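Counting starts at 1 for both ligands and their atoms, in listed order. Keep in mind that what you see is a predicted model, and the values were worked out from it rather than measured.
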Amino acid sequence: MTDQALPAVPSACRICGAATEEFLDLGRQPLSDAFPEEPPVAEFFYDLRVASCTACAMVQLVEEVPRERMFHEDYPYYSSGSAVMREHFARTAAEFLEGELDREDAFAVEIGCNDGVMLRQIGRAGVRHLGFEPSRKVADVARGHGVRVRGDFFEEKTAADVRRTEGPANVIYAANTLCHIPYMESVFRGVDALLAEDGVFVFEDPYFGDVVEKTSFDQIYDEHFYLFTARSVRAMAERFGFELVDVRRLPVHGGEIRYTLARAGSRRPAPAVDELLDQEETRRLTAPDVLRRFAGDVSAIRDDLLALLTRLRDEGRTVVAYGATAKSATVANYCGLGPDLVSFVCDTTPAKQGRLTPGTHIPVRAAEAFADPYPDYALLFAWNHADEIMAKETGFRESGGHWIRYVPGVRVD
Ligand code: SAM
Ligand code: TMP
């Protein structure tokens, strides 16, 4: 059971308007991707509380952070920072090119194209495309790769505008972006306006089933407004005139699902949809007792991690963290991890280096600082990139160093 008080008044579901039930309170949190400079400027904080809809089962945040505070000129997340993700998006583009886009004058639209990691492949193949990307610096990187980018948020008005000037899209795709958008009615109206009659709306986001299974509570932060399941996505699709016609599990980012939606009745749903819905029902994924158990597992991880790091500090061990991920803002702020417990975080992103972690003010240093000299322990904040990181940091273990992980539970190896 969570040790936080439940709100007196339940909030309404952002999708269907029914009552929600709160099951987790991760406390006051800063923006997960706002890395202050030294000395720290005033930071924005909000309440990170999570609720599930009693009708459509959509898992969602209780408080919405205004979008301009999160996605702006200095948004520091660059999708191409991981070799595994570059490969993932190259494969995704190849599948679209061989499938839905293999037709005359095909048109692909991506919501949240970031630095163009996916669309640059579509562009190179000579296929007509457009990315929506409101965060200017990442959008400029995409433009530098020849990607056509519109610097707006995708919503009803901007999507309808593209339809008027460029015609219908065969594919509308969003990776790690749809769950960032609370105003879903406007998004679906936009998709309805822009999508061709036989087109597909494809999106992939962290799967709440994996979050519960792995207790990966760090998938919950300001930008991740929704934590989707097949059940909640199917209900959302139906509400807005679409149908869930395919699902595919993806191993990236700690476990995601790629959902394919089409206009209601336009395509035959794949058997995988019912299979996943059945699995979710058997697991009772969003049943109150399951959510309460999840909340209890989360606070157990906090207690274990704090106890371990406090002991290591008292023993005089050196501890640094690896990867200044947005996810780690939740962990560090919820567990109270400051520079007294973690000396610095190393990260390959220049826009994060020389800055401080949101809320907890741990210095962020370049990746090279990790081996200069190696610490005794490294807290793996970027656990979703573990294979890629382990493959290039073999010297750390060889030097006698130990990795600390907290997903699915705290362990040292
Ligand atoms: N698709 C990339 C990936 O999977 O790595 C980027 C994901 S990043 C976490 C989310 C991106 O969505 C950011 O670049 C942000 O600026 C953008 N974004 C947020 N809201 C948006 C909206 N309504 N329309 C278009 N892009 C949006
Ligand atoms: P993500 O989990 O949201 O993809 O963020 C990963 C963060 O970790 C990002 O700031 C880049 C950083 N990173 C490294 O520092 N080294 C690495 O090898 C990888 C893959 C990521």
Looking just at side-chain N and O atoms, do Glu388 and Ser82 make a donor-acceptor pair shorter than 3.5 Å?
-> yes
Does Met85 reach ligand 2, in the sense of a heavy atom lying below 4.0 Å from it?
-> no
Which of the atoms in ligand 1, numbered in the order shown and given with their element, are less than 4.0 Å from a heavy-atom of Tyr183?
-> 23 (N)
Could you list the atoms of ligand 1 found under 4.0 angstrom from a heavy atom of Glu110?
-> 1 (N)
Selection from Glu393, Gln219, His385 by shortest heavy-atom distance to atom 20 (C) of ligand 2 = His385
Per-atom filter on ligand 1: closer than 4.0 angstrom to a heavy atom of Thr177 are 1 (N), 7 (C), 10 (C), 11 (C), 12 (O), 18 (N), 27 (C)
Ligand 1 atoms in contact with Ile111 (distance to a heavy atom under 4.0 Å) = 24 (N), 25 (C)
Mode of Tyr173 contact toward ligand 1 - side chain, backbone, both, neither (heavy atoms, under 4.0 Å) = neither
Please report which non-hydrogen protein atom sits nearest to atom 5 (O) of ligand 1, along with the residue it belongs to and the distance in Å to one decimal place.
-> Ser79 OG, 2.7 Å
Which of these, Val84, Ile389, Val345, Thr348, has its nearest heavy atom closest to atom 14 (C) of ligand 2?
-> Thr348
Measuring from the heavy atoms of Tyr78, does anything fall under 4.0 Å of ligand 2?
-> no
Side chains of His88 and Glu204: donor-acceptor distance under 3.5 Å anywhere?
-> yes
Proximal ligand 1 atoms for Ala175, defined as those under 4.0 Å from one of its heavy atoms | 1 (N), 2 (C), 3 (C), 4 (O), 7 (C)
Between the side chains of Tyr173 and Glu100, is a donor N or O closer than 3.5 angstrom to an acceptor N or O?
-> no
Look at the aromatic rings of Phe203 and Phe201 and report parallel, tilted or perpendicular, splitting at 30° and 60°.
-> tilted
Just which atoms of ligand 2 are under 4.0 Å from any heavy atom in Glu388?
-> 20 (C)
For Phe132, take its heavy atoms, then give the atoms of ligand 1 lying under 4.0 Å from any of them.
-> 25 (C), 26 (N)
Numbered atoms of ligand 1 (with element) below 4.0 Å of Glu133, judged on heavy atoms = 11 (C), 13 (C), 14 (O), 15 (C), 16 (O), 17 (C)
Identity and distance of the protein heavy atom lying nearest atom 24 (N) of ligand 1 | Phe154 N, 2.8 Å
His180 neighbourhood, listing ligand 1 atoms whose heavy-atom distance to it stays under 4.0 Å | 9 (C)
Can you say whether the rings of Phe396 and Tyr374 are parallel (under 30°), tilted (30 to 60°) or perpendicular (over 60°)?
-> tilted
Quick look: Ile181 vs ligand 1, heavy-atom contacts under 4.0 Å, and the answer is side chain
Aromatic rings Phe217 and Tyr406: how do their planes relate, parallel, tilted or perpendicular, breaks at 30° and 60°?
-> tilted
So which bit of Met85 gets within less than 4.0 Å of ligand 1, heavy atoms only: side chain, backbone, both or neither?
-> neither
